[in-house]
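Just so you know, these numbers use all the heavy atoms, side chains as well, and skip hydrogens, waters and symmetry mates.
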Amino acid sequence: RLLTEDSPSLETVKMQVAFDTAKLDEIDALEAMRESRERREEVLIRGIVTAQLKGSNDVQALTTLYRRIFNFLVVRSGLEPSANRAAEREIAAALESVFPRGG
């Protein structure tokens with residue numbers, strides 16, 4: 001039955017195999033993306049945690065720390081840096097509400 005030409009059963013099996021193969025490929029791609037994002041997050045977290053300030057008025061160090069936190073939030077949200085300016089503005093506004101930069 002499956003060996004007959006133009007067999008609906010055979011076509012159904014072929015489509016199912018193609019679907020299952022595509023699903024596995026997509027799962028592998030998503031897993032690779034997640035692992036890549038987690039590695040980038042680890043590097044950013046390490047930079048945030050190891051930041052050292054010379055005092056509460058160390059503007060340069062605070063600015064660098066603020067930028068590192070912002071970059072972490074961008075990566076954590078699943079965005080690529082500079083890919084979505086509107087989303088980055090939202091992240092910056094949220095960060096500013098928690099850690100206001102004095103002026």
Side-chain angles (χ1 to χ4, degrees):
R1 217 164 136 187
L2 286 177
L3 298 177
T4 61
E5 199 162 313
D6 296 328
S7 166
S9 299
L10 179 59
E11 292 304 313
T12 300
V13 169
K14 286 180 182 178
M15 286 189 290
Q16 187 62 47
V17 168
F19 176 81
D20 289 344
T21 302
K23 181 179 176 185
L24 290 174
D25 291 345
E26 185 66 19
I27 288 171
D28 290 343
L30 290 172
E31 181 67 19
M33 287 172 41
R34 183 188 62 77
E35 289 173 358
S36 173
R37 189 191 78 235
E38 286 178 354
R39 283 191 301 273
R40 286 184 291 172
E41 287 176 4
E42 288 173 10
V43 170
L44 292 166
I45 288 171
R46 200 173 311 117
I48 292 167
V49 171
T50 60
Q52 296 193 2
L53 305 176
K54 294 179 181 125
S56 61
N57 293 329
D58 189 354
V59 176
Q60 183 177 2
L62 284 171
T63 300
T64 300
L65 178 61
Y66 193 90
R67 190 175 303 116
R68 288 176 181 172
I69 294 170
F70 173 79
N71 288 334
F72 168 77
L73 292 172
V74 169
V75 170
R76 182 65 174 190
S77 68
L79 298 173
E80 290 296 322
S82 302
N84 187 335
R85 293 292 184 186
E88 287 185 3
R89 283 193 296 272
E90 290 293 325
I91 292 169
L95 183 58
E96 183 73 24
S97 73
V98 177
F99 296 113
R101 293 191 284 183

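If you take OG on Ser36 and CD on Glu41, they are separated by 10.0 Å, rounding to the nearest 0.5 Å. Rounding to the nearest 0.5 Å places CG of Leu65 at 4.0 Å from CD1 of Ile69. Rounded to the nearest 0.5 Å, atoms CZ (Arg67) and CG (Leu44) are 13.0 Å apart. Distance CD/Gln16 to NZ/Lys23: 9.5 Å, rounded to 0.5 Å. Once rounded to the nearest 0.5 Å, the distance linking CG of Leu95 with CD of Glu90 reads 13.0 Å. One finds the CG atom of Leu79 at 11.5 Å from the CG atom of Asn71 (value rounded to the nearest 0.5 Å).
Annotation for Ala61 and Gln52: closest pair CB-O, 4.0 Å, computed over non-hydrogen atoms. Across Tyr66 and Phe99, no two heavy atoms sit closer than the pair CE1-O, 3.2 Å.
Under a 4.0 Å N-O distance rule, the pair Arg85/Glu88 qualifies as a salt bridge. A salt bridge does not link Arg39 with Glu42: every distance from a Lys NZ or Arg NE/NH1/NH2 to an Asp or Glu carboxylate oxygen is 4.0 Å or more.
Under a hydrophobic clustering in which Ile, Leu, Val, Met, Phe, Trp and Tyr are joined whenever their side-chain heavy atoms come within less than 4.5 Å, directly or via other members, Phe19 and Leu10 fall into different clusters. At a threshold of 4.5 Å between side-chain heavy atoms, the hydrophobic network of Ile, Leu, Val, Met, Phe, Trp and Tyr places Ile45 and Val43 in two separate groups. By the criterion of side-chain heavy atoms lying less than 4.5 angstrom apart, applied directly or through intervening Ile, Leu, Val, Met, Phe, Trp or Tyr residues, Leu24 is not grouped with Met15; the two fall into different hydrophobic clusters. Both Ile91 and Val98 are assigned to one and the same hydrophobic cluster, defined by single-linkage of ILVMFWY side chains at heavy-atom distances under 4.5 Å. No continuous path of hydrophobic side-chain contacts links Met33 to Phe72 [ILVMFWY only; heavy atoms under 4.5 Å].
Here the side chains of Phe70 and Glu96 are not in contact, with every heavy-atom distance at 4.5 Å or above.
Atom CD of Glu35 is surrounded by more than 12 heavy atoms from other residues, nucleotides or ligands within 6.0 Å. Other residues, nucleotides and ligands place no more than 12 heavy atoms under 6.0 Å from the CD atom of Gln60.
Side-chain N or O atoms of Thr12 include one that pairs as donor or acceptor with a backbone N or O of Pro8 at under 3.5 Å.
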